[in-house]
Amino acid sequence: MQCIDRIADLRRAVKAARQDGRKIGLVPTMGALHRGHAALIAQAAEDSCFTVVSIFINPAQFGPNEDLDLYPRTLERDLQVAAEAGADLVFAPVAAEIYPSGFNTWVEVGGSLTDCLCGAFRPGHFRGVATIVLKLFNMTDPDQAYFGEKDYQQLQVVRRFVQDLNLPLKIMPVPTVREADGLAMSSRNKYLSPEERSVAPWLYKALRAAAEAATSGEGDIHAIRCHALEIIASQPALQLEYLEIVDSESLQPLHELCPGAVMLAAARLGNTRLIDNIKLI
Ligand code: PAF
């Protein structure tokens, strides 16, 4: 597995792989790789792609009071995880190459997908995500790009601009990977104290209870939501930001349970922000 930090070298490596008849698969990450990332990389490799993993902590998607400075930086270990999962190349650029001085062009996906849910609590976040992801697509020119379903709103935002801008690539969603107790894998789980770590799985417990109620016949969307809210309220350390039942594509709130209903939630636990989601039916 090669590791490079220059855009020109990335383009050269991708061109050579393409000349060898390989399909290109991109797994964009911010590093601190865990089993969730390994599943994305393994899926790209299994799909016979020349698998490129980008590692770049993108300052543009962090708000002024967020955790940019604290975000875990573990490049050596990341290279090991990427290689073991089947990556062919890691692209770990420095910020100056990605955002040259005078940088002033942004990708803004329209309001209804980005103002709600995480977007309401993290203004500008999805603009930062869409901009870096489009830049990575332009640098790598992948046939397929892999995103985890844990970041569900991000996945829909990326799908939207890929369609809107006629980008010739396929977005490949990969199911959330969880710890044994249900907690969704996240690089930010490293921030949790042992006490917080024991509370963290309750977010998913609440989502699962809602999904179980929906599949066992509870049709009242309000009752399903209240059930999940009660479970979260039983853990005072979990400070809920939002818990909504929305349409899986438009992310607009649903008033009746219907196929494609997804419950999305975010909560603060100490200094850590947790997000998770579940399909209801
Ligand atoms: O999901 C992430 O880690 C990031 O938002 C992404 C897609 C790598 C863009 O920086």
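All values below come from the heavy atoms of this structure, side chains included, with hydrogens, waters and symmetry mates left out. Positions are given from 1 along the sequence.
The aromatic rings of Tyr191 and Tyr71 stand perpendicular to each other, their planes meeting at an angle above 60°, with 30° marking the opposite boundary. Under the 30°/60° scheme for interplanar angles, the aromatic rings of Tyr99 and Phe103 are found to stand perpendicular.
A distance of 10.5 Å separates CZ in Arg122 from CD in Gln153, rounded to the nearest 0.5 Å. Of the inter-residue distances, the one linking Cys118 atom SG with His125 atom NE2 reads 6.5 Å to the nearest 0.5 angstrom. Atoms CZ and CG, on Phe126 and Leu113 in that order, are 9.0 Å from each other to the nearest 0.5 Å. A distance of 6.0 Å separates CD1 in Ile98 from NZ in Lys135, rounded to the nearest 0.5 Å. The CG atom of Leu40 sits 13.0 Å away from atom CZ of Arg35, with the distance rounded to the nearest 0.5 Å. Going from atom CG of Leu264 over to atom CG of Leu207 covers 8.5 Å, rounded to the nearest 0.5 Å.
Using a 4.0 Å cut-off between charged nitrogen and carboxylate oxygen, Asp276 and Lys205 do not count as a salt-bridge pair. Salt-bridge check for Glu249 with Arg159: failed, with every basic side-chain N at 4.0 Å or more from each acidic carboxylate O. Ion pair Asp78/Arg73 not flagged as a salt bridge, since none of the NZ, NE, NH1 or NH2 atoms sits closer than 4.0 Å to an Asp/Glu carboxylate oxygen. Taking the charged nitrogens against the carboxylate oxygens, Arg188 and Asp67 do have a contact shorter than 4.0 Å, which makes a salt bridge.
What you find for Arg11 and Asn138 is that their closest heavy atoms are NH1-O, 3.0 Å. Scanning both residues, Pro175 and Glu149, for their nearest heavy atoms gives CA-OE1, 3.5 Å. Between Asn58 and Val129, the closest heavy-atom pair is ND2-N, 4.3 Å. Gln2 and Ala13 make their closest contact through NE2-CB, 4.2 Å (heavy atoms, listed as atom of the first residue, atom of the second, distance). Of all heavy-atom pairs spanning Val27 and Thr51, the tightest one is CG2-CG2, 4.3 Å.
Judged by distance alone, with hydrogens and angles left aside, the side-chain atoms of Ser234 form a donor-acceptor pair with the main-chain N or O of Ile231 at under 3.5 Å. A distance-only check finds no donor-acceptor pair linking the side chain of Asp47 to the backbone of Cys49 [under 3.5 Å]. Side-chain atoms of Arg225 come within 3.5 Å of backbone N or O of Leu243 as a donor-acceptor pair. Side-chain N or O atoms of Thr176 include one that pairs as donor or acceptor with a backbone N or O of Lys150 at under 3.5 Å. Thr74 places no side-chain N or O within donor-acceptor distance of the main-chain N or O of Arg77, the cut-off being under 3.5 Å. In this structure, the side chain of Glu66 engages the main chain of Gly63 through a donor-acceptor pair within 3.5 Å. Between the side chain of Thr140 and the backbone N or O of Pro142 there is no donor-acceptor pair closer than 3.5 Å.
Other residues, nucleotides and ligands contribute more than 12 heavy atoms inside 6.0 Å of the CD atom of Gln252. Within 6.0 Å of the NZ atom in Lys170, the count of heavy atoms belonging to other residues, nucleotides or ligands does not exceed 12.
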Set out, in order, the CA-CA distance, both residues' side-chain angles and the distance that settles side chain to side chain contact (heavy atoms under 4.5 Å, CB included) for Phe56 and Glu97, then state yes or no. CA-CA 11 Å; Phe56 178 64; Glu97 226 197 340; over 6 Å; no
Side chain to side chain contact (heavy atoms under 4.5 Å, CB included) between His37 and Ser187, worked out: CA-CA 10 Å; His37 296 112; Ser187 305; 3.6 Å; yes
Determine, step by step, whether Val262 and Leu280 satisfy the side chain to side chain contact (heavy atoms under 4.5 Å, CB included) criterion, reporting the C-alpha distance in whole Å, the side-chain angles of both residues, the deciding distance to 0.1 Å, and the verdict. CA-CA 5 Å; Val262 190; Leu280 290 184; over 6 Å; no
Intermediate values then yes/no, side chain to side chain contact (heavy atoms under 4.5 Å, CB included), Asp5 and Phe91: CA-CA 6 Å; Asp5 62 3; Phe91 173 55; 5.8 Å; no
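Side-chain contact check for Arg127 versus Pro123: every heavy-atom pair is 4.5 Å or farther apart. With a 4.5 Å cut-off on side-chain heavy atoms, Leu269 and Gln239 do not count as touching. Residues Leu229 and Leu240 meet the side-chain proximity criterion, which asks for heavy atoms closer than 4.5 Å. Residues Leu238 and Trp202 form a side-chain contact, since some pair of their non-hydrogen atoms from C-beta on lies under 4.5 Å apart. Side chains of Ile24 and Arg18 form a contact here, defined as non-hydrogen atoms less than 4.5 Å apart. Here the side chains of Phe62 and Met30 are in contact, with some heavy-atom distance below 4.5 Å. Counting only heavy atoms from C-beta outward, the side chains of Glu241 and Leu117 never approach each other to under 4.5 Å. Side chains of Ile278 and Arg208 form a contact here, defined as non-hydrogen atoms less than 4.5 Å apart.
Ile132 is connected to Ile4 through a chain of hydrophobic side-chain contacts under 4.5 Å among Ile, Leu, Val, Met, Phe, Trp and Tyr, so both are in one cluster. Leu89 and Phe137 fall within a single hydrophobic cluster, where Ile, Leu, Val, Met, Phe, Trp and Tyr side chains are chained together by heavy-atom contacts under 4.5 Å. Hydrophobic clustering (ILVMFWY, side-chain heavy atoms < 4.5 Å, transitive): Trp106 and Val162 are in one cluster. Note on Met185: it does not cluster hydrophobically with Ile57, by side-chain heavy-atom contacts below 4.5 Å among ILVMFWY residues. Phe147 and Val107 end up in the same hydrophobic cluster when Ile, Leu, Val, Met, Phe, Trp and Tyr side chains are linked at under 4.5 Å.
Between Leu136 and the options Val52, Leu26, Leu10, a side-chain contact (heavy atoms from CB on, under 4.5 Å) holds for only Leu26.
For the residue pair Gln154/Tyr152, the side-chain donor-acceptor check at 3.5 Å is not satisfied. Side-chain atoms of Asp181 and Tyr204 form no donor-acceptor pair, as typed in the model, at a separation below 3.5 Å.
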